[in-house]
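Before any comments, here is the structure.
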2 protein chains.
Amino acid sequence: MHPYEDIRATILERINNQTWPAGSTLPHEEQLAKEFDVARGTIRRALSSLVEAGLIERRRKAGTRVVDRRSHMSTLNIPIIRHEIESSGAQYGYKLLSSDIHSPEKDETGFFKTASLKHVLALHLKDGRPFQLEDRLINLTAIPKARDESFKTISPNEWLVAQVPYSSIRTYLRAELASALDVTHLKITTGRPVFIVERQTTLKTVPLTRVRLSHDAAQYQVVTETADVT
Amino acid sequence: MHPYEDIRATILERINNQTWPAGSTLPHEEQLAKEFDVARGTIRRALSSLVEAGLIERRRKAGTRVVDRRSHMSTLNIPIIRHEIESSGAQYGYKLLSSDIHSPEKDETGFFKTASLKHVLALHLKDGRPFQLEDRLINLTAIPKARDESFKTISPNEWLVAQVPYSSIRTYLRAELASALDVTHLKITTGRPVFIVERQTTLKTVPLTRVRLSHDAAQYQVVTETADVT
DNA sequence: AATATTATTATGTATATACATAATAATGAA
DNA sequence: TTCATTATTATGTATATACATAATAATATT
């Protein structure tokens with residue numbers, strides 16, 4: 001449609017048919033601009049789109065190189081569980097299980113160096129049945145107003161997203177056997193696997209919150225897709 | 001450092017301190033250009049960077065709105081297992097377990113509509129111990145040269161990445177109990193959880209390959225991080 | 001009131017030009 | 001040879017201008 005899209009498509013084709021194989025260097029912007037008879041800016045538009053897709057890499061003076069696709073980048077999207085459940089047409093339910101204020105020792109991982117912490121345990125239900133167990137620590141030093149929030153009607157997850165700005169989130173995905181808490185609250189039998197999403201949220205090096213979200217493995221999986229550059 | 005970075009930072013600050021709360025509309029480009037005393041292009045540079053980070057959304061005529069951060073986008077990177085193992089300083093090993101050509105019925109999921117398929121089972125080892133079991137189906141109609149590849153010295157994963165261009169990959173991450181094959185080849189005990197990465201690769205609607213990668217849950221987890229926009 | 005048509009407008013693309021910058025390559029000094 | 005210094009150069013940023021486009025808003029038609 002737009003010139004830059006056509007240019008991107010033919011560049012992509014040349015990468016795919018090995019005219020420019022992985023590791024090779026592309027002609028520089030002005031040469032491409034001359035070949036396609038467009039301004040340099042239009043070439044830049046096409047190339048930066050391919051950078052975003054992870055197909056090429058560019059460095060000053062070194063030029064533009066085709067990435068060796070030995071790893072696949074894709075965007076992972078983990079929504080707030082209420083939205084995920086509701087958008088599937090099911091009924092969402094929430095139940096606070098416990099909420100306490102702890103001293104820093106509670107944090108075995110060393111994520112919170114030193115801070116007073118709030119520990120919240122809550123359950124998210126799908127059509128009345130347990131779906132996600134939220135086990136969370138909140139840094140009260142960084143988020144003092146969390147001290148006065150009961151989390152009886154709103155989940156920590158949702159409250160935090162609405163109230164607290166963050167700069168980066170690290171997410172771990174793993175499989176585990178159901179813990180005693182998982183068995184009790186997710187109502188699954190001992191020996192069943194659970195899918196764990198653990199998140200550590202920070203605001204410019206300040207640890208804000210850490211959460212372990214556990215799910216019955218039979219009811220939960222994560223799906224992700226690469227951007228389809230055509 | 002660069003003007004657009006300063007501008008992006010102050011816009012980000014206004015989003016974080018609720019000057020422009022989630023859902024609100026930002027001034028349009030020319031107004032911002034006037035405020036910051038730069039050209040419209042510089043404002044566009046700052047804003048498009050925030051679009052990439054998923055913090056704002058832009059639509060023609062409607063303008064620029066602050067995204068309601070109810071879901072977190074992060075980039076997921078699943079490398080070829082050999083690179084992951086070697087970059088951790090460990091010794092990589094590979095063993096082909098079986099390789100057969102099947103009729104389409106083998107594909108229960110309906111991913112390959114109709115095609116002759118190659119079924120390959122292979123094991124990836126870390127320091128001599130089983131680490132990842134690769135259970136793969138390859139579309140021989142789309143990738144005929146895979147028929148003559150034995151996969152005795154190179155894994156299907158690596159061979160495909162090097163030989164076959166693709167346009168999109170869908171990845172499923174889930175937890176399961178170890179299957180009979182997992183128990184046998186990953187040398188784990190029955191009843192242990194495994195972490196499954198399942199990938200479906202296509203080239204413009206043509207299904208190319210589907211793979212189930214299973215790992216001992218105790219030895220494998222996926223880590224992902226959001227882009228830290230400052 | 002509901003639908004179709006037509007402005008309107010903020011974002012998007014394309015152009016040209018000038019200069020900045022980072023990283024490599026070339027050169028010179030030890 | 002090795003290290004430090006200095007070009008060199010491809011990408012990156014900033015500018016200004018013109019026009020395209022999609023989506024909303026306003027108007028007219030049924």
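First the proteins, then the strands, lettered A, B, ... as listed; each starts at 1. Atom set for the values below is all heavy atoms of this structure, side chains included, hydrogens, waters and symmetry mates excluded.
- Counting only N and O atoms by type, the side chains of B/Arg65 and B/Thr25 include no donor and acceptor under 3.5 Å apart.
- Interface residues of residues 26-33 of chain A facing DNA chain D, ordered by number: A/His28, A/Glu29; criterion, heavy-atom separation under 4.0 Å.
- Comparing the end axes of the helix from C/dA1-D/dT30 to C/dA30-D/dT1, each fitted to five base pairs by superposing C1' atoms of four pairs onto the next four, gives an inter-axis angle of 20° (nearest 10 degrees).
- Both B/Arg44 and A/Thr42 sit near DNA chain C, but only B/Arg44 has its closest nucleotide nearer the 5' end.
- Rounding to whole angstrom units, CZ of residue A/Arg8 and C1' of C/dA14 are separated by 16 Å.
- A straight line from CD of B/Glu57 to C1' of C/dG12 spans 16 Å, rounded to a whole angstrom.
- Looking at residues two or more places apart in sequence or on another chain, you find a salt bridge (charged side-chain N to carboxylate O under 4.0 Å, His left out) between B/Glu225 and A/Arg170.
- For B/Glu149, there are no salt bridge (charged side-chain N to carboxylate O under 4.0 Å, His left out) partners at least two apart in sequence or on another chain.
- Atom CZ in B/Phe36 sits roughly 16 Å away from atom C1' in D/dA14 (whole-Å rounding).
- In terms of phosphate contacts, B/Thr64 brings no side-chain nitrogen or oxygen within less than 4.0 Å of OP1 or OP2 of C/dA10.
- Taking the side-chain contact (heavy atoms from CB on, under 4.5 Å) definition, one finds that A/Thr10 meets it with A/Phe36, sequence neighbours left out.
- Shown here are the side-chain contact (heavy atoms from CB on, under 4.5 Å) partners of A/Val67, two or more places apart in sequence or in another chain: A/Glu57.
- Residues passing the side-chain contact (heavy atoms from CB on, under 4.5 Å) test with A/Ser24 are A/Trp20, A/Pro21, A/Val66, sequence neighbours excluded.
- Straight-line distance from the CD1 atom of A/Ile56 to the C1' atom of D/dA10: 13 Å, rounded to whole Å.
- Residues passing the salt bridge (charged side-chain N to carboxylate O under 4.0 Å, His left out) test with B/Glu86 are B/Arg82, sequence neighbours excluded.
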Problem - Protein proximity profile, nucleotides 17-28 of chain D - base contact B, sugar-phosphate-only contact S, no contact -, cut-off 4.0 Å on heavy atoms - result: -B--BBBB----
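- Not counting sequence neighbours, the partners of B/His215 by the ring-ring contact (aromatic ring centres under 6.0 Å, His included) test are B/Tyr220.
- As a whole-Å value, the separation of B/Ile7 CD1 from D/dT13 P is 13 Å.
- Residue pairs meeting the ring pair (Phe, Tyr, Trp, His ring centres under 6.0 Å) criterion with at least one member in residues 134-170 of chain B, sequence neighbours excluded: A/His72-B/Tyr166, B/Phe151-B/Trp159.
- For the side-chain contact (heavy atoms from CB on, under 4.5 Å) test, residues two or more places apart in sequence or in another chain that qualify with A/Asp135 are A/His119, A/Leu121, A/Leu181, A/Arg212.
- In this structure, B/Arg45 forms a cation-pi arrangement with B/Tyr4, its terminal cationic atom sitting closer than 6.0 Å to the ring centre and no more than 45° off the ring axis.
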